[in-house]
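The structure under discussion appears below in the form of structure tokens.
Keep in mind the model is a prediction, meaning the values are calculated, not measured. Order of appearance sets the numbers: ligands from 1, and atoms from 1 within every ligand.
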Amino acid sequence: MSEPNRREFLKTGAAAVAGAAAVGALRGEADASAQAAYSGEFKAPPIDLVRIGYVGVGLQGGSHVQNLIRIPGCRITAVCDIRAERTDWATKQITGAGHPAPAVYNKGPRDFERLCATEDLDLVYTATPWEWHVPVLLAAMKNGKHAATEVPAAMTIDDCWAMVETAEKQRKHCVLMENCNYDRPEMMAYHMVRQGLFGEILHAEGGYLHDLRGIKFENKDEGLWRRAWSMKLNGNPYPTHGLGPIAHSLDINRGDRFDYLVSMSTLSRGLQNWAVDHFPPDAPQRQEKFVLGDVNTSLIKTVNGKTIMVQHCTNLPRPYSRIHKVQGTKGLFEGYPHRAYIEGRGRADQWVDAAALYPEFEHPLWKEIAAQAQGAGHGGMDFIEDYRLIKCLREGAPLDQTVYDAAALSAVVELSVRSVAHAGQPVPVPDFSRGRWRTTPPLGILHM
Ligand SMILES: NC(=O)c1ccc[n+]([C@@H]2O[C@H](COP(=O)([O-])OP(=O)(O)OC[C@H]3O[C@@H](n4cnc5c(N)ncnc54)[C@H](O)[C@@H]3O)[C@@H](O)[C@H]2O)c1
């Protein structure tokens with residue numbers, strides 16, 4: 001965005017800017033020495049055997065436990081959940097894999113603080129409900145542990161800054177575990193982008209379009225907490241599955257960064273209609289009031305002038321999609337169904353199905369690891385992300401995602417809410433890296 005345009009934007013978006021400033025969106029006067037010590041590609045000393053405390057061993061945490069017990073070079077030595085049946089379950093998985101029984105923390109919703117303060121661990125990894133991610137991450141880092149979290153990392157801008165400032169001060173990793181970065185089509189698309197097949201990338205789209213109505217109304221698992229967010233937040237509460245892979249293809253925080261965002265939501269109808277169709281007239285669920293617009297659409301402009309569309313739709317009947325479009329001057333990749341078009345290759349105006357592209361363009365990491373990942377959560381991508389995390393920690397290498405990625409991608413939650421509330425006005429995205437995005441190198445091609 002050129003400077004005159006920026007001034008114009010600041011003028012037209014003045015109300016939104018003022019609002020954002022009020023919630024700390026323009027913060028960033030972090031401790032200079034802490035920031036200086038923490039490079040954009042932060043590396044920590046190598047760890048021979050990564051000792052892990054796992055917090056929140058429900059559906060997704062349970063799936064990570066099952067991955068981690070078969071990844072070489074790590075041990076889950078402590079587990080924490082508010083439900084004893086889940087810590088029992090996790091203990092059984094760990095001992096069943098031939099590892100020593102973990103220390104157990106199941107004495108209430110803040111018992112993770114005791115885990116972080118007591119246990120000698122290298123990493124605390126959480127798959128708790130969204131509201132607990134940041135408390136766990138901060139407790140971990142303040143007690144000298146690296147921290148990893150399920151998505152999104154944070155729900156507010158203030159919490160995004162808290163993650164960044166704590167990671168810099170404590171010199172710890174704080175990583176958003178975005179599994180969709182490691183799915184087979186997304187990795188192939190990224191590999192093709194790196195080979196220049198689509199030319200200069202100008203635009204990308206992603207999203208989380210998944211009919212969760214039944215799940216949100218269950219009396220267990222995500223039904224216990226995810227529906228509640230649909231009552232208090234109108235924007236995009238879950239932007240990272242769509243944004244993660246396209247952020248890599250656009251070099252976000254590695255030469256470019258999100259500049260500003262506009263967002264709009266539809267009316268909220270899906271959950272109310274579901275309650276009427278599935279519960280008797282006197283059921284409390286039929287009295288619930290939802291604010292989350294059924295389709296939320298945000299547009300992000302990057303500093304280098306690229307555009308991104310990110311969508312959220314979890315309350316309406318529809319097939320699953322994360323969209324995953326990456327478009328450049330010579331062609332594009334598009335997901336669901338996965339396909340590509342490259343000018344000058346194949347027939348004009350005709351998509352080429354991903355199946356025909358894998359033999360030539362499969363990402364090397366997928367080729368190397370596919371057999372091991374088979375059968376793991378979400379088609380194997382969860383295993384690959386866990387494998388990469390442990391490998392990088394063991395080697396003392398930079399992680400695939402930085403704390404600045406965790407903050408920038410998660411910030412879209414509150415920024416979309418603020419734009420929706422102000423008739424779609426632009427809101428600036430904070431520069432969480434305070435300029436480091438200019439010098440942090442592109443991700444490159446990952447290997448096993
Ligand atoms: N990446 C993905 O594809 C994916 C898929 C599903 C869920 N998730 C994410 O994983 C997280 C958990 O989702 P889920 O589906 O496993 O939900 P879940 O409800 O099945 O699991 C959450 C677990 O956390 C426990 N818990 C709640 N509060 C706690 C606290 N204060 N301390 C310790 N434990 C606590 C619960 O008892 C439960 O076992 C969410 O952030 C969600 O967005 C990601």
Just let me know how Met177 lines up against ligand 1, side chain, backbone, both or neither, with a heavy-atom cut-off below 4.0 Å. neither
May I ask you to check whether Val151 has an N/O atom sitting below 3.5 Å from an N/O atom of ligand 1? yes
Check each heavy atom of Asn179 against ligand 1 and say whether those closer than 4.0 Å belong to the side chain, the backbone, both or neither. side chain
Would one find an N or O of Arg86, backbone or side chain, under 3.5 Å from an N or O of ligand 1? no
Considering only non-hydrogen protein atoms, determine which one is nearest to atom 44 (C) of ligand 1 and report residue, atom name and distance to 0.1 Å. Glu150 OE1, 3.0 Å
Where is the tightest heavy-atom contact between Gln60 and Ala127, given as atom of each residue plus distance? C-CB, 4.3 Å
Once you restrict to heavy atoms under 4.0 Å, what part of His378 touches ligand 1? Side chain, backbone, both or neither. side chain
Can you pull out the closest protein heavy atom to atom 20 (O) of ligand 1? Residue, atom name and distance to 0.1 Å, please. Leu59 N, 3.0 Å
Minimum-distance protein heavy atom relative to atom 14 (P) of ligand 1: Glu222 OE2, 3.7 Å
What I want to find out is whether Glu113 reaches Arg110 closely enough, with some N-O distance under 4.0 Å, to be called a salt bridge. yes
Run the numbers for me: atoms of ligand 1, each under 4.0 Å from some heavy atom of His241, listed by number. 1 (N), 2 (C), 3 (O)
If you scan protein heavy atoms around atom 21 (O) of ligand 1, the nearest is Gly58 CA, 3.5 Å
Restricting to heavy atoms, the pick from Tyr105, Trp130, Phe112, Trp225 nearest atom 18 (P) of ligand 1 would be Trp225
Contact (N/O only, under 3.5 Å) between Arg110 and ligand 1: no
Verify, without hydrogens or angle tests, whether Thr266 (side chain) and Val295 (backbone) share a donor-acceptor contact under 3.5 angstrom. yes
Using distance alone, determine whether Arg226 and ligand 1 share an N or O pair under 3.5 Å. no
Please confirm whether Thr128 approaches ligand 1 to less than 4.0 Å, judged on its heavy atoms. yes
Nearest heavy atom to atom 22 (C) of ligand 1, choosing from Ala127, Pro109, Gly56, belongs to Ala127
